[in-house]
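Contents: one structure, followed by commentary.
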Amino acid sequence: MIFKIDDRAYDQGYSCGLTGGFTADCPYPKGRHAPDSDNRSTSWLSGFIEGKAEREAAKREGRPMRLPQTRSIPR
């Protein structure tokens, strides 16, 4: 099974993680409330995890936080 990232949801999640938000801030349906074809919640959570990791790494390394890179994801 190939999972396709929803870029908009990913970027929203990344921003939330980068600014110190919470997983409960996800605006998309989750679990049994989400249709099988809706990958926005998982995309948002993936971005959130990356944003949170970047926030923590920047703090640990004493550097500015990086914005998400344009990523080439196979379609």
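Small disclaimer: the values here were computed from a predicted structure and weren't measured.
Judged as a side chain to side chain donor-acceptor pair (under 3.5 Å), and not counting sequence neighbours, Asp25 has no contacts.
For the pair Arg63 and Glu54, the salt-bridge criterion is met [side-chain N within less than 4.0 Å of a carboxylate O]. Between Arg40 and Asp38 there is a salt bridge, since a side-chain N of the basic residue sits under 4.0 Å from a carboxylate O of the acidic one.
Taken to the nearest 0.5 Å, the CG atom of Asn39 stands 10.0 Å off from the OH atom of Tyr28. Distance check, rounded to the nearest 0.5 Å: SG of Cys16 to CG of Asp11 gives 13.0 Å. Expressed to the nearest 0.5 Å, how far CD1 of Ile49 lies from OH of Tyr10 amounts to 9.5 Å. Rounding to the nearest 0.5 angstrom, the gap separating the CZ atom in Phe48 from the OG1 atom in Thr19 is 8.5 Å.
Hydrophobic clustering (side-chain heavy atoms under 4.5 Å, transitive across Ile, Leu, Val, Met, Phe, Trp, Tyr) keeps Ile5 apart from Trp44.
Residues Lys52 and Tyr14 form no side-chain contact, since every pair of their non-hydrogen atoms from C-beta on lies 4.5 Å or further apart.
Closest approach of Ala58 and Met65 over heavy atoms only: CB-CG, 3.6 Å.
For Ser43 (side chain) and Asp6 (main-chain N/O), a donor-acceptor pair under 3.5 Å exists by modelled atom type.
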